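Comments concern the structure below.
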Amino acid sequence: KSLMQSKIKANRPERLYKLLAKALDNKNKSSTRILLLVALEHCQEQPMAAKWQNPNTKSTPLHLCVRLLDQACNSKQNTKSEEQLDLEMELMLQVLDTLLAIHKAATEIPDSAGNIPLHYAIAATTHFTSKQKTEGGFSKSCWTNRAKMVTSLLEANTKVSQDYCT
């Protein structure tokens with residue numbers, strides 16, 4: 001019975017969202033890579049999951065994927081090496097690209113705060129600590145990957161991007 005229940009849970013449309021939400025709220029930063037790998041696999045096996053929208057926050061898996069970048073770049077909480085960070089960010093970009101390929105229309109869906117995913121890519125949701133300010137902010141890797149994410153979102157839906165940026 002429990003095997004059958006876990007199979008059913010694995011096929012629920014909100015599972016992808018919940019995996020990304022868990023990665024975003026993840027207190028154990030070492031398992032973020034595992035959660036991203038499972039999310040990527042789930043995306044590929046259950047593409048309709050990319051279209052699920054949280055009924056309370058109105059956010060989509062794309063919103064969460066974009067917001068994960070800030071968590072990874074927040075050096076106040078980050079104890080990962082630059083190599084570990086790069087691997088994690090590469091996975092985030094793979095999840096992002098997969099989500100965009102499956103459900104490009106998610107680029108124009110605002111969450112309950114009125115923000116489309118591009119907003120979270122452009123405007124960091126974490127603020128620099130005093131240490132980050134004195135050390136020049138986020139690492140070069142964080143800025144490079146943010147630029148890749150913004151570019152992917154801009155290119156995925158140029159009309160929405162132009163409307164947002166003007």
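This is a predicted model, so every value here is computed, not measured. Residue indices begin at 1 and follow the sequence shown. Only this structure's heavy atoms are used, side chains among them; waters, hydrogens and symmetry mates stay out.
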Item to complete: Indicate yes or no: at least one non-hydrogen side-chain atom of L96 is less than 4.5 angstrom from one of K148.
Response: no
Practice prompt. Indicate yes or no: at least one non-hydrogen side-chain atom of C142 is less than 4.5 angstrom from one of M89.
Written response: yes
Worksheet entry | Approximate separation, where rounding is to 0.5 Å, of N115 CG and K58 NZ | 15.0 Å
Discussion item. If hydrophobic clusters are built by linking Ile, Leu, Val, Met, Phe, Trp and Tyr wherever their side-chain heavy atoms come under 4.5 Å apart, do V95 and I109 end up in the same one?
Written reply: no
Worksheet item: How long is the gap from CG on L20 to CZ on R15, to the nearest 0.5 Å?
Response: 11.0 Å
Item to complete: For the pair Q46 and L16, evaluate side-chain contact (heavy atoms from CB on, under 4.5 Å) and give the outcome as yes or no after the intermediate values.
Response: CA-CA 9 Å; Q46 302 286 329; L16 173 61; over 6 Å; no
Discussion item. Measuring from atom OG1 of T158 to atom CG of L153, what distance do you get when rounded to the nearest 0.5 angstrom?
Written reply: 12.5 Å
Discussion item. Starting from L69, can I reach L37 by hopping between I/L/V/M/F/W/Y residues whose side chains sit under 4.5 Å apart?
Written reply: yes
Worksheet item: Quick one: CG on L19 to NZ on K22, what's the gap to the nearest 0.5 Å?
Response: 8.0 Å
Worksheet item: Rounded to the nearest 0.5 Å, what separation is found between the CD atom of E88 and the CG atom of L93?
Response: 11.5 Å
Item to complete: Before giving the answer on side-chain contact (heavy atoms from CB on, under 4.5 Å), spell out for N145 and M92 the whole-Å C-alpha distance, their side-chain angles and the decisive distance to 0.1 Å.
Response: CA-CA 9 Å; N145 285 295; M92 282 177 213; over 6 Å; no
Worksheet entry | Donor-acceptor side-chain pairing of H119 and Y164 below 3.5 angstrom | yes
Worksheet item: Does the R146 side chain pair with the main chain of I122, one donor and one acceptor, at a distance under 3.5 Å?
Response: no
Worksheet item: Which atom names give the shortest non-hydrogen contact between Y120 and A113, and what distance separates them?
Response: OH-CB, 4.3 Å
Item to complete: Might you work through the side-chain contact (heavy atoms from CB on, under 4.5 Å) test for I116 and D111, ending with a clear yes or no?
Response: CA-CA 6 Å; I116 60 174; D111 61 13; over 6 Å; no
Worksheet item: Quick check: are there more than 12 heavy atoms from other residues, nucleotides or ligands sitting under 6.0 Å from CD of E83?
Response: no
Worksheet item: Counting only N and O atoms by type, is there a donor-acceptor contact under 3.5 Å from the side chain of Q53 to the main-chain atoms of T60?
Response: no
Worksheet, complete the sentence: For S59 and L64, the nearest pair of non-hydrogen atoms, with its separation, is OG-CD2, 4.5 Å
Discussion item. Please evaluate residues L118 and V160 with respect to the criterion side-chain contact (heavy atoms from CB on, under 4.5 Å), reporting the C-alpha separation (whole Å), side-chain torsions for both, the decisive distance (0.1 Å), and the verdict.
Written reply: CA-CA 9 Å; L118 180 61; V160 169; over 6 Å; no
Worksheet item: How many angstroms lie between CG in L40 and CD in E45, if you round to the nearest 0.5 Å?
Response: 10.0 Å
Item to complete: Say whether T57 and Y17, considering side chains only, have a donor N or O and an acceptor N or O under 3.5 Å apart.
Response: yes
Item to complete: Over all heavy atoms of both residues, which pair between A50 and P61 is shortest? Give the atoms and the distance, please.
Response: O-CD, 3.7 Å
Response to the item:
Sorted by chain and number, sequence neighbours left out, side-chain hydrogen bond (donor to acceptor under 3.5 Å, both in side chains) with T107 holds for N157
Worksheet item: Are any of the side-chain heavy atoms of H63 and L24 separated by less than 4.5 Å?
Response: no
Name every donor-acceptor pair, under 3.5 Å, that has one atom in a side chain of residues 97-104 and the other anywhere in the protein, sequence neighbours excluded.
{"unit_1": "T98", "atom_1": "OG1", "unit_2": "Q94", "atom_2": "O", "d": "2.8"}

Worksheet item: D86 versus E90: any side-chain heavy-atom pair under 4.5 Å?
Response: no
